[in-house]
Amino acid sequence: MVTLITGGTGFVGANLVKELATNGHEVVSMDLSPPDALMSRFIADVSTNITFVTGDILDQQFLDNIQKTYEIDRIIHAAVYTVNQMELEIEKSREIIDINVMGTTNLLELARKMQVKRFVYVSSGAAYGLAAEPDQTFNENAVPLPDFLYGITKYTSELITRRYSELHNFSSVSIRLSTPYGPMERVTNHRSVMSVFHQWTKAALNGGTIELSNPHMGRDYTYVSDIAEGVRIVLDAPELAHDLYNVTAGRWISYSEIIESLRNIIPSVNIMVNNSNQSTIRSSEPTRGPLSSHRLNQDLGWVPQYDLDAGLNDYINWSKTCENLD
């Protein structure tokens, strides 16, 4: 079984490539960027199951060549322009829509031509938009009300994916991810703003200082290895009862909890609380999520394997092996 993964050298994509290759898939990883040293080390143990191709999902000739060259029977579409800052959204509005919507359409057309067994669209909890109440948990029946272009393009692509597969008779499913953290997060052409996990673990390992402005903020963080496993389970399921699943640890994690866990692992970490330096936060940050993983657990038995302490410890151990590579 040959699975095409777009965005395969990016953060989530790299983990998907490794997860599938480890579990018997022959993987064709497609990305604008070729594998760097970090990626090559990350997938070294399963590299014989992976073929890397470099090209643009907006380039029709490139996609035509993919169709002619490989016998693809499954597609995971994870390539995306990840945007979580207003300034970047203003500057790159057209590019965001082109990549996130027209790119999806191009991959769906490839799926139609190749009559794949399943098309998995990697979406985001950003499709839900803001929570109505501070403690609201989003399940898949919640009405999506995305606020920023990123969430809007994600939800739009979900709808296009559903209808395209209905019209052209192939299985499709969209997967809304909660906020990932873990190995392979790094600056790329379409991901420029790093998570607090990336920033703080790097500071802690290098003897720097972590500046904390609002310890009560947070997100529904999920370890990226759990996310990759959840996507694989959906991809490989013989039958799916639904065409939309959340993949999430299902819990809101505050910055103060992350700092406490980080201190347990690296007691020497330097923390500076600065209440006067409030950074600019996108409007949905304090009130988006958490997501619920109940449907995925009930349908396919998936449960996350990493709590915060286990995920952060694993991430730090991985980071220690990658000095001078990111």
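Because only heavy atoms are used, hydrogens play no part in the values below, and waters and symmetry mates are left out as well, while side chains stay in.
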Interatomic distance, [X] atom [atom1] to [Y] atom [atom2] [nearest 0.5 angstrom]:
X    : Y    : atom1 : atom2 : value
E158 : I160 : CD    : CD1   : 10.5 Å
D59  : D64  : CG    : CG    : 8.5 Å
R232 : I227 : CZ    : CD1   : 14.5 Å
I152 : N100 : CD1   : CG    : 11.5 Å
Y128 : T137 : OH    : OG1   : 11.0 Å
L4   : H77  : CG    : NE2   : 10.0 Å

- [ ] Only one of T6, L58, I57 passes side-chain contact (heavy atoms from CB on, under 4.5 Å) with N106; say which it is.
- [x] L58
Measure across [X] and [Y] and return the closest heavy-atom pair with its distance rounded to 0.1 Å.
X    : Y    : answer
L63  : L110 : O-CD1, 3.9 Å
P146 : Y155 : CG-CB, 4.2 Å
S225 : Y306 : CB-CE1, 4.0 Å
G8   : S29  : CA-OG, 3.2 Å
S293 : W302 : CB-CZ3, 3.9 Å

Open item on the list: If you count heavy atoms of other groups shown closer than 6.0 angstrom to CG of D45, is the number above 12?
Closed with: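 Counting other residues, nucleotides and ligands, CG of D45 stays at 12 neighbours or fewer.
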Task: Residue pairs, two or more places apart or on separate chains, that pass ring-ring contact (aromatic ring centres under 6.0 Å, His included) and touch residues 167-188 - done: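 Checked against ring-ring contact (aromatic ring centres under 6.0 Å, His included) - neighbours excluded - the pairs reaching residues 167-188 are Y164-H168, Y181-F197, Y181-Y223.
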Quiz: residues 66-75 side-chain donor-acceptor pairs under 3.5 angstrom, not counting sequence neighbours:
| unit_1 | atom_1 | unit_2 | atom_2 | d |
| --- | --- | --- | --- | --- |
| T69 | OG1 | N65 | O | 2.6 |
| D73 | OD1 | V2 | N | 3.2 |

Open item on the list: Are L205 and L308 linked, directly or through intermediate hydrophobic residues, by side-chain heavy-atom contacts shorter than 4.5 Å (ILVMFWY only)?
Closed with: yes
TODO: Say whether L296 and L244 are linked into one hydrophobic cluster, either directly or through other cluster members, by side-chain heavy-atom distances under 4.5 angstrom.
DONE: no
Carboxylate-amine/guanidinium contact [X] [Y], below 4.0 Å:
X    : Y    : result
D236 : R118 : no
E140 : R176 : no
D243 : R162 : yes
E166 : R163 : yes

Open item on the list: For a quick check under 3.5 Å, do D299 and H242 share a side-chain donor-acceptor pair by atom type?
Closed with: yes
Open item on the list: Under 3.5 Å, is there a donor on one side chain and an acceptor on the other for T9 and D31?
Closed with: yes
Task: M272: hydrophobic cluster co-members (side-chain, 4.5 Å) - done: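 Direct or chained contacts put M272 with none.
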- [ ] Would you mind telling me which of R263, R251, R219 makes a salt bridge (charged side-chain N to carboxylate O under 4.0 Å, His left out) with E257?
- [x]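 When salt bridge (charged side-chain N to carboxylate O under 4.0 Å, His left out) is applied between E257 and each of R263, R251, R219, only R251 qualifies.
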